[in-house]
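Shown next, in structure tokens, is the structure this report addresses.
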There are 4 protein chains.
Amino acid sequence: MTDPVGSNVREALKAFVERVERLREEQKELANDVADVYREAKGGGFDVRALKTVIRLRTQDAAERREQEAVVETYMQALGMT
Amino acid sequence: MTDPVGSNVREALKAFVERVERLREEQKELANDVADVYREAKGGGFDVRALKTVIRLRTQDAAERREQEAVVETYMQALGMT
Amino acid sequence: MTDPVGSNVREALKAFVERVERLREEQKELANDVADVYREAKGGGFDVRALKTVIRLRTQDAAERREQEAVVETYMQALGMT
Amino acid sequence: MTDPVGSNVREALKAFVERVERLREEQKELANDVADVYREAKGGGFDVRALKTVIRLRTQDAAERREQEAVVETYMQALGMT
DNA sequence: TAGGGCTACTTCCATC
DNA sequence: GATGGAAGTAGCCCTA
């Protein structure tokens, strides 16, 4: 056992690395799927940027979102960004 | 049909949004899984930052990686970072 | 001249590195300044998140921004996010 | 004073926004300067990616950097990435 | 109050 | 050039 990383530890290391790599692979597949959906939506005439905005807004609580938007609106009016 | 978005289009919109949201949900779960693995590894005494570095390096081609490292090493020696 | 990096090249390398580091330093100072402003604004009762949103929106062309917002609004209504 | 944002507050708001925008402008100029340096370096035959790596490593303490690299090396050997 | 995780933000990189 | 993902950083909150 002169190895700086004993075989049990080595096995644990390999296991961690492989688990992460497997998960990364699945993440990449999902990212491709998402890109496919947007490509389809674009092909169907939708504005992808607006779609992304809507989807982002949906992740926020509705009440909180309206509150944020109200504050932003107030600031914009105060700055003459009408 | 005074609606600016007709019902067929509306249905298509909902379908796209829901598909993306489902995929995003799965992505989030995978991200949590990855975080869990790193947490476990940390608990097992591994250096998470080094782990991430190793996993990143594994995605590179071995020959290319060694080439990069050689150049970096050369520059570091030239700068006295020995 | 057995050095893999000749002295002229070495000097050029050092010069590039130092120029970048100087610029990075200035960037960091500016980032601190920005953080200070937001801290002040927060202390003055402003909503920092909304402030950031407003400042981001100001970088967009006003007409384009309104166009985007109109599309987003249309999608949100179609999805019942009223 | 029926304005939701009183004039003093409005002035404060404008001041904050303008300060941030000015700082952002300076940051952008610095980013351009950095890009210029790398462009020059590339023109002089340097490997920009390796340069960036070296500059990043220089921000770390030398001892800490060597420690990190040793751990990474150990993990790589344990994984057979020799 | 110093640390330590957590979240959000920003920057960077790799990919198309 | 644009996009998405990852890494690093900073600020926040809580705990000890």
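Just so we're clear, the structure is a prediction, and the values are computed from it rather than from any experiment. Throughout, a chain's letter reflects where its sequence line sits, starting with A, and its residues are numbered from 1.
- In this structure, the CD atom of A:Gln60 is 11 Å from the P atom of E:dA8, given to the nearest Å.
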Taking only nitrogen or oxygen atoms into account, show me every contact under 3.5 Å that the protein makes with nucleotides 10-12 of chain F, one pair per line with its distance.
residue	atom	partner	partner atom	Å
F:dC12	OP1	C:Lys42	NZ	3.1

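- Taking a cutoff of 4.0 Å between a charged side-chain nitrogen and a carboxylate oxygen, D:Arg22 and D:Glu18 do not qualify as a salt bridge.
- Taking atom CZ of residue A:Arg24 and atom C1' of nucleotide F:dG4, one finds them 13 Å apart after rounding to whole Å.
- Straight-line distance from the CD atom of D:Gln68 to the C1' atom of F:dG8: 13 Å, rounded to whole Å.
- For F:dG5, one of the phosphate oxygens OP1 or OP2 lies less than 4.0 angstrom from a side-chain nitrogen or oxygen of B:Gln27.
- Distance B:Tyr38 OH to E:dG5 P: 17 Å, rounded to the nearest Å.
- Nearest heavy-atom pair across A:Ala50 and C:Tyr75 is CB-CE1, 3.8 Å.
- Separating the CG atom of D:Leu51 from the P atom of E:dC13 is a distance of 12 Å, rounded to the nearest angstrom.
- Side-chain N/O atoms of B:Gln27 and B:Arg24 include a donor and acceptor closer than 3.5 Å.
- Dashed line: the shortest gap from a side-chain N or O of A:Arg49 to OP1 or OP2 of F:dT3 is not under 4.0 Å.
- Taking 4.5 Å as the limit, some side-chain heavy atom of C:Gln60 sits within range of a side-chain heavy atom of C:Leu57.
- With values rounded to the nearest 0.5 angstrom, B:Gln68 atom CD is found 6.0 Å from D:Thr53 atom OG1.
- For the pair D:Leu30 CG and E:dT10 P, the interatomic distance rounds to 17 Å; values are reported in whole Å.
- Distances shorter than 4.0 Å separate none of the side-chain N or O atoms of D:Arg56 from OP1 or OP2 on E:dC13.
- The two residues B:Leu51 and B:Phe46 have their closest heavy-atom pair at CD1-CB, 4.0 Å.
- Atom CD1 in A:Ile55 sits about 15 Å away from atom C1' in F:dG4, given to the nearest Å.
- The shortest distance between side-chain heavy atoms of D:Ile55 and D:Tyr38 falls below 4.5 Å.
- Applying the 4.0 Å criterion to OP1 and OP2 of F:dG4, one finds that A:Lys52 has a side-chain N or O inside that range.
- Separating the CG atom of D:Asp47 from the P atom of E:dC13 is a distance of 12 Å, rounded to the nearest angstrom.
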